[in-house]
Amino acid sequence: MTAIMTFIMHFLTLFFKTVTLPLQLIEAVGLYSIYKRFFPFLIYKLSVSYNKKMYDKKKDLFRNLSEFNKSGRPLSILEIGCGTGTNFNFYPSGCKVICTDPNPNFQKYLQKSMADNDNLSFESFVVASGEDLGLIEDESVDAVVTTLVLCSVNNIPQTLQEAYRILRPGGAFYFMEHVVADPSSWTYFFQHVLQPMWYYFGDGCQLTRATWKDLEAARFSELQIKHIEAPLTFLIKPHIMGYAIK
């Protein structure tokens with residue numbers, strides 16, 4: 001990206017930050033919580049389309065999930081930021097699932113997904129952020145899953161540290177996340193320009209994160225990662241997917 005384009009990008013980003021000042025004020029006085037109640041409904045509707053478009057990718061991501069069951073007991077999965085439960089139909093039949101999300105308003109949509117996937121055993125729904133999962137015991141699950149979650153946590157390294165702590169030795173952390181585009185692309189330009197608006201639309205979602213760098217820096221012994229172009233709107237087309245082994 002040329003110096004002129006970089007200047008224009010920063011100028012437009014500042015412009016949109018100014019445009020969002022009323023939203024910043026709404027957040028500061030606590031009224032943004034009203035949108036947080038509506039947000040699960042929005043995600044419930046959008047996730048249907050996302051799952052259809054990403055079906056083959058998700059099926060490929062979770063194809064070897066059963067291989068990480070070394071205990072002889074049913075496979076145990078902790079999903080961080082489970083949302084409405086859109087990953088459930090990709091999990092092996094009979095596995096145990098613990099769901100966590102910082103937004104308690106997802107629970108009624110989660111219960112519907114649980115009913116639609118009664119071949120799974122649902123252990124609990126824990127209201128907690130990805131950075132603070134103290135209610136979950138150390139080395140207690142075979143797999144930890146995040147999809148479209150690391151874009152909105154406050155601290156990616158801390159979230160990955162929690163996932164590592166909770167995994168049994170030899171367990172796997174599965175991920176599918178949208179990420180920042182190549183700096184030479186127009187997608188990169190518009191991701192930065194529109195980020196101030198996107199943050200409020202997406203309940204804290206960040207378009208400009210190079211999440212693969214955090215995964216590479218984490219303590220996992222092995223990292224299997226693919227960069228893909230998802231069949232989605234250009235702002236979230238760049239994705240990474242894969243798994244990391246403890």
Side-chain angles (χ1 to χ4, degrees), residues 23 26-27 30-55 57-58 61-62 65 76-92 95-137 140-141 143-156 158-160 162-163 166 173-178 198-207 209 211 230 232-233 236 239 241:
L23 295 174
I26 288 171
E27 183 179 30
L31 293 178
Y32 189 65
S33 60
I34 296 172
Y35 181 66
K36 285 183 176 291
R37 296 194 193 103
F38 170 75
F39 187 66
F41 171 77
L42 178 64
I43 291 299
Y44 179 72
K45 294 298 184 182
L46 292 176
S47 62
V48 174
S49 174
Y50 181 88
N51 257 15
K52 285 181 180 179
K53 293 177 179 178
M54 297 295 287
Y55 179 84
K57 301 294 186 186
K58 280 195 174 185
L61 174 65
F62 294 119
L65 191 53
S76 56
I77 300 172
L78 169 73
E79 184 164 347
I80 300 174
C82 58
T84 60
T86 55
N87 292 324
F88 292 167
N89 61 329
F90 298 95
Y91 292 161
C95 70
K96 298 191 302 181
V97 183
I98 301 170
C99 305
T100 75
D101 202 285
N103 189 338
N105 298 297
F106 273 111
Q107 189 166 10
K108 69 176 182 179
Y109 301 102
L110 188 62
Q111 288 172 338
K112 183 181 185 305
S113 293
M114 289 177 179
D116 292 341
N117 294 273
D118 58 3
N119 59 316
L120 308 179
S121 173
F122 296 98
E123 298 290 290
S124 60
F125 172 64
V126 179
V127 179
S129 67
E131 298 91 340
D132 184 11
L133 298 170
L135 293 175
I136 312 298
E137 296 180 3
S140 57
V141 301
V144 175
V145 174
T146 69
T147 58
L148 304 184
V149 170
L150 297 180
C151 57
S152 58
V153 297
N154 292 323
N155 189 318
I156 296 177
Q158 179 62 28
T159 302
L160 295 177
E162 280 289 82
I166 292 164
F173 171 70
Y174 282 79
F175 56 89
M176 178 178 283
E177 303 287 342
H178 67 79
W198 188 272
Y199 174 88
Y200 289 99
F201 168 76
D203 192 19
C205 178
Q206 302 279 346
L207 291 167
R209 287 184 171 175
T211 306
L232 305 166
T233 181
I236 56 170
H239 267 55
M241 58 180 281

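Note that these values count all heavy atoms, side chains included, but never hydrogens, waters or copies made by symmetry. This chain uses plain numbering: 1 for the first residue, then up along the sequence.
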If you round to the nearest 0.5 Å, how far is [atom2] of [Y] from [atom1] of [X]?
X: I98; Y: I136; atom1: CD1; atom2: CD1; result: 5.0 Å
X: T100; Y: F106; atom1: OG1; atom2: CZ; result: 11.5 Å
X: S113; Y: K108; atom1: OG; atom2: NZ; result: 13.0 Å
X: Y200; Y: I26; atom1: OH; atom2: CD1; result: 9.0 Å
X: Q206; Y: W198; atom1: CD; atom2: CH2; result: 12.0 Å
X: S33; Y: N105; atom1: OG; atom2: CG; result: 9.5 Å

Counting distance only, does the side-chain N/O of [X] pair as donor-acceptor with the main-chain N or O of [Y] below 3.5 Å?
X: N51; Y: T86; result: yes
X: Y174; Y: M241; result: no
X: N103; Y: K36; result: yes
X: S49; Y: L46; result: no

Mind listing the closest non-hydrogen atom pair of [X] and [Y] along with its distance?
X: G202; Y: F39; result: O-CZ, 3.8 Å
X: F125; Y: C82; result: CE1-SG, 4.0 Å
X: D203; Y: Y35; result: N-CE2, 4.4 Å
X: P104; Y: P102; result: CD-O, 3.4 Å
X: P92; Y: L120; result: O-CD2, 3.2 Å

[X] versus [Y]: any side-chain heavy-atom pair under 4.5 Å?
X: Y50; Y: K58; value: yes
X: E27; Y: L23; value: no
X: L133; Y: V126; value: no
X: L232; Y: M54; value: yes
X: I236; Y: L207; value: yes
X: C99; Y: D101; value: no

Self-check item: Verdict with supporting geometry, L61 and K57, side chain to side chain contact (heavy atoms under 4.5 Å, CB included)
Solution: CA-CA 6 Å; L61 174 65; K57 301 294 186 186; over 6 Å; no

Quiz item: If you count the non-hydrogen atoms of other residues, nucleotides and ligands that lie under 6.0 Å from CZ in F90, is the total more than 12?
Solution: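 Yes - once you tally the heavy atoms of other residues, nucleotides and ligands closer than 6.0 Å, there are more than 12.
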
Quiz item: Got a sec, which residues hit salt bridge (Lys or Arg N to Asp or Glu O under 4.0 Å) with K45, two or more places apart in sequence or on another chain?
Solution: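 Applying salt bridge (Lys or Arg N to Asp or Glu O under 4.0 Å) to K45 gives none.
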
Self-check item: salt bridge (Lys or Arg N to Asp or Glu O under 4.0 Å) partners for E79, two or more places apart
Solution: none

Show me, pair by pair, the donor-acceptor contacts under 3.5 angstrom made by side chains of residues 145-152, not counting sequence neighbours?
unit_1: T146; atom_1: OG1; unit_2: E177; atom_2: OE2; d: 3.0
unit_1: T147; atom_1: OG1; unit_2: N87; atom_2: ND2; d: 2.9
unit_1: S152; atom_1: OG; unit_2: V149; atom_2: O; d: 3.2

Quiz item: What residue pairs, at least two apart or across chains, pass salt bridge (charged side-chain N to carboxylate O under 4.0 Å, His left out) with a residue in residues 113-134?
Solution: K112-D116

Quiz item: Where does the angle between the aromatic ring planes of H239 and H178 fall among parallel (under 30°), tilted (30 to 60°) and perpendicular (over 60°)?
Solution: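 Correct class here is tilted.
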
Practice problem: Sequence neighbours left out, what passes ring-ring contact (aromatic ring centres under 6.0 Å, His included) with Y91? Give chain and number order. | Solution: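 Listed in chain order: F62.
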
Quiz item: How would you list, by chain and number, every residue that makes a side-chain hydrogen bond (donor to acceptor under 3.5 Å, both in side chains) with Y32, sequence neighbours excluded?
Solution: none

